[in-house]
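Only this structure's heavy atoms are used, side chains among them; waters, hydrogens and symmetry mates stay out.
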Amino acid sequence: MTHFEKIRLSKGFQKFWDAYYRAMPKYREMMRKLAFTGIPFQMDELMQIYYDISSSLDHPEYLLDYLYNMLPTEDDFTYAHCLNSALIAGLFASWFSLPEEKTTLLIQCGFLYDIGKLQLPNDLIWKPGKLTDLEFEKIKTHTFLSFQMLQNLPVDSCVIKAALMHHERFDGSGYPSKLHDNQIDIYARYISIIDAYEAMTSARTYRESKNPFQVIDIFENDAFKYDTEILRPILYRLASHMIGLNVMLNNDQIAEVIMVNQGHLGRPLLRDENGNFIDLMTRKDLSIKGIY
């Protein structure tokens with residue numbers, strides 16, 4: 001059994017599952033009303049959804065393990081993506097010891113930044129293969145659709161900016177305005193990382209979720225696209241969370257994660273069943289394909 005399959009059988013996960021699926025219909029209804037009828041939501045009710053789910057956790061960092069086991073339906077895909085992002089935002093904010101006001105704003109950004117996707121066709125959002133150029137241009141409109149939905153609501157300006165800017169990239173390669181560096185709002189910089197993390201770690205009916213070291217590896221290769229002062233501490237916490245767990249390598253060898261390599265967080269130091277050390281920093285032929 002993988003680490004995440006064991007998690008799925010735990011009582012803590014069942015408690016989280018119950019809280020999550022009690023809250024999901026409330027969140028879905030609030031966002032549907034906003035997206036399709038223009039009926040605004042109450043922010044305190046939205047935040048209560050966050051508290052109801054997060055309070056079900058025996059320890060805050062269990063959240064990431066639990067979310068690995070969630071598989072949204074096609075109808076709930078966008079709702080689950082935003083709900084998960086809000087939960088992750090709360091955890092990442094605690095890692096940075098953000099004050100309560102900033103933590104609350106980041107959670108609100110997570111709930112709302114991607115709601116423009118609700119106005120796009122489901123088959124486009126759920127498409128398993130590569131998008132055509134025309135389809136990608138259509139997808140890119142979701143940032144402006146989110147902005148339009150939020151701009152006249154009584155929400156903080158950083159929430160609106162996160163919706164509009166979360167696909168901007170630090171090197172200027174993003175959209176819609178090719179902003180770079182500090183031109184991008186700080187909350188949007190957090191959300192861009194949360195958005196990418198949630199997308200990579202969420203399972204789909206057509207593919208498995210990526211394991212933490214695969215996610216870290218991708219982020220490290222793309223680090224120039226993100227604010228590294230935010231990204232680096234997040235990746236270090238993700239990697240450190242795996243210390244003591246066993247991994248399966250691409251040669252089917254099982255080894256324990258012993259230490260995080262500061263120079264390359266996605267390639268830790270391991271110890272195999274015979275007590276031999278395997279340094280993935282030097283063993284470029286090996287990669288982690290599963291957590292056990």
Derivation of the side chain to side chain donor-acceptor pair (under 3.5 Å) call for His81 and Asp114: CA-CA 8 Å; His81 178 54; Asp114 239 8; 3.2 Å; yes
Scan residues 137-159 for pairs that pass salt bridge (Lys or Arg N to Asp or Glu O under 4.0 Å), counting only residues two or more places apart or in two chains.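 Sorted result for residues 137-159: Glu137-Lys140.
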Which residue pairs pass the salt bridge (Lys or Arg N to Asp or Glu O under 4.0 Å) test when at least one of the two sits in residues 262-272, sequence neighbours left out? Glu256-Arg271
Stepwise, does the side-chain contact (heavy atoms from CB on, under 4.5 Å) test hold for Thr78 with Ile115? CA-CA 7 Å; Thr78 298; Ile115 57 172; over 6 Å; no
If you link ILVMFWY side chains whenever their heavy atoms are less than 4.5 Å apart, which other residues fall into the same cluster as Leu134? By chain and number, please. none
Taking distance alone, no hydrogens or angles, what donor-acceptor pairs closer than 3.5 Å link side-chain atoms of residues 89-101 to residues at least two apart or in another chain?
from	atom 1	to	atom 2	distance (Å)
Ser94	OG	Leu91	O	2.5
Trp95	NE1	Glu61	OE2	3.2

Could you go through the side chain to side chain donor-acceptor pair (under 3.5 Å) check for Ser85 and Tyr113 one step at a time? CA-CA 9 Å; Ser85 293; Tyr113 77 100; 3.0 Å; yes
Quick test of your reading: applying ring pair (Phe, Tyr, Trp, His ring centres under 6.0 Å), list the pairs with at least one residue in residues 223-250, sequence neighbours left out, ordered by first then second residue.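 Pairs touching residues 223-250 that pass the test: Phe219-Tyr226.
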Residues forming a salt bridge (charged side-chain N to carboxylate O under 4.0 Å, His left out) with Arg28, sequence neighbours excluded: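 Listed in chain order: Asp76.
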So, Arg283 and Asp285, do they make that salt bridge, N to O below 4.0 Å? yes
Give a yes or no on whether a salt bridge exists between Glu168 and Lys178, defined as a side-chain N under 4.0 angstrom from a carboxylate O. no
Would you confirm whether the ring centroid of Phe13 sits within less than 6.0 angstrom of the ring centroid of Tyr62? no
Gln183 (side chain) donor-acceptor with His180 (main chain) under 3.5 angstrom: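 Answer holds: yes.
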Any donor and acceptor pair, going by atom type alone, linking the side chain of Asp217 with main-chain N or O of Phe213 inside 3.5 Å? no
With rounding to the nearest 0.5 Å, note down the distance linking CE in Met165 to SG in Cys158.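 Result: 11.0 Å between the selected atoms.
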